[in-house]
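Everything below concerns the one structure shown next.
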Amino acid sequence: MKILRSVDRTTWLEVAERCPYATFFQTPLWHDLALATAPEQADATIGAVLPGGVRAVLPLLRARRLGPWRELHSTAALCYGGIIADGPVSPAEAAQLYRAACGWRTLRLRLTESPFAPMPAPAGAVVQEDSTHILRLGVGFDALFAGFSKSQQAHYRRGLR
């Protein structure tokens, strides 16, 4: 595995677009917005090219520095984070990428796992608890609305008024 200590935005966006489980929160646009609005944070994103040619990106922000120590966040505002890739990543490869990202200077890695990601967070990460509601939009709004509870339908109608 070849570790990339910096990832250019074009490559990162290509990986995000090709990754079936990537979310907007793992794109360079979200990352750049975070850096623009929180100047106390710094980019700590790394990437890798796996032996089979798969490219992986681990978006990271350095949230704090305490002397030689640092705290990393998987994304801004603790939105969905973790590794994205344009092909399969084995658990061993994911663990190697997380180890390369954190190193001995990282006190804590805070991560909110994506509900779509095929790999779990690394051991030792502080995983944020979160809940997600996923709606399949391909069925059309009428079919989706019919599945709402009576209370949800009433709230929707009240919102329209």
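Values in this document were obtained by computation on a predicted structure and should not be read as measured data.
- Taking the charged nitrogens against the carboxylate oxygens, Arg9 and Asp32 do have a contact shorter than 4.0 Å, which makes a salt bridge.
- Glu71 and His73 form a side-chain donor-acceptor contact under 3.5 Å, judged by distance and modelled atom types alone.
- The closest side-chain heavy-atom distance from Leu111 to Thr75 is not below 4.5 Å.
- Under a hydrophobic-cluster definition in which Ile, Leu, Val, Met, Phe, Trp and Tyr are linked whenever side-chain heavy atoms come within less than 4.5 Å, directly or via other members, Phe116 and Val89 are assigned to the same cluster.
- Side chain of Trp30 to backbone of Thr23: no donor-acceptor contact under 3.5 angstrom is found.
- Heavy atoms only, all atoms of each residue included: Ala85 and Val15 are closest at CA-CG1, 3.7 Å.
- The shortest heavy-atom contact between Leu58 and Ala101 is CD2-CB, 3.7 Å.
- Put simply, the side chain of Glu93 never gets that close to the backbone of Leu50: no donor and acceptor are under 3.5 Å apart.
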Test log, rule ring-ring contact (aromatic ring centres under 6.0 Å, His included), inputs Tyr156 and Phe145: CA-CA 9 Å; Tyr156 171 79; Phe145 187 74; 5.2 Å; yes

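- Aromatic pair Tyr80/Tyr21: centroids not less than 6.0 angstrom apart.
- With rounding to the nearest 0.5 angstrom, the OG1 atom of Thr112 is 10.5 Å from the CZ atom of Phe25.
- A salt bridge links Glu14 with Arg55: the closest approach of a Lys/Arg side-chain nitrogen to an acidic carboxylate oxygen falls below 4.0 angstrom.
- Scanning all heavy atoms of the two residues, the minimum distance from Gly82 to Tyr98 falls at CA-OH, 3.5 Å.
- No hydrogens or angles considered: a donor-acceptor pair under 3.5 Å links the side chains of Thr45 and His31.
- The CG atom of Leu66 lies 11.5 Å from the CZ atom of Arg105; values are rounded to the nearest 0.5 Å.
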Step-by-step side chain to side chain contact (heavy atoms under 4.5 Å, CB included) determination, Gln153 to Ser149: CA-CA 6 Å; Gln153 290 176 358; Ser149 69; over 6 Å; no

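- From Arg158, atom CZ reaches atom CZ of Arg161 across 7.0 Å, with rounding to the nearest 0.5 Å.
- Summarising the geometry of Leu60 relative to Leu109, their closest heavy-atom pair is CD2-CD1, 3.7 Å, with the distance given to 0.1 Å.
- Taking CG from Leu72 and OG1 from Thr106, the interatomic distance works out to 4.5 Å, rounded to the nearest 0.5 Å.
- Not a single donor-acceptor pair under 3.5 Å links the side chain of Thr11 to the backbone N or O of Val7.
- In this structure, Ile83 is a member of the same hydrophobic cluster as Met1, with clusters built from ILVMFWY side-chain heavy atoms closer than 4.5 Å.
- Closest non-hydrogen pair, Ala16 versus Thr27, comes out as CB-CG2, 4.1 Å.
- The shortest distance between side-chain heavy atoms of Pro88 and Val54 falls below 4.5 Å.
- The two residues Gly81 and Ser74 come nearest to each other via the heavy atoms CA-OG, 3.7 Å.
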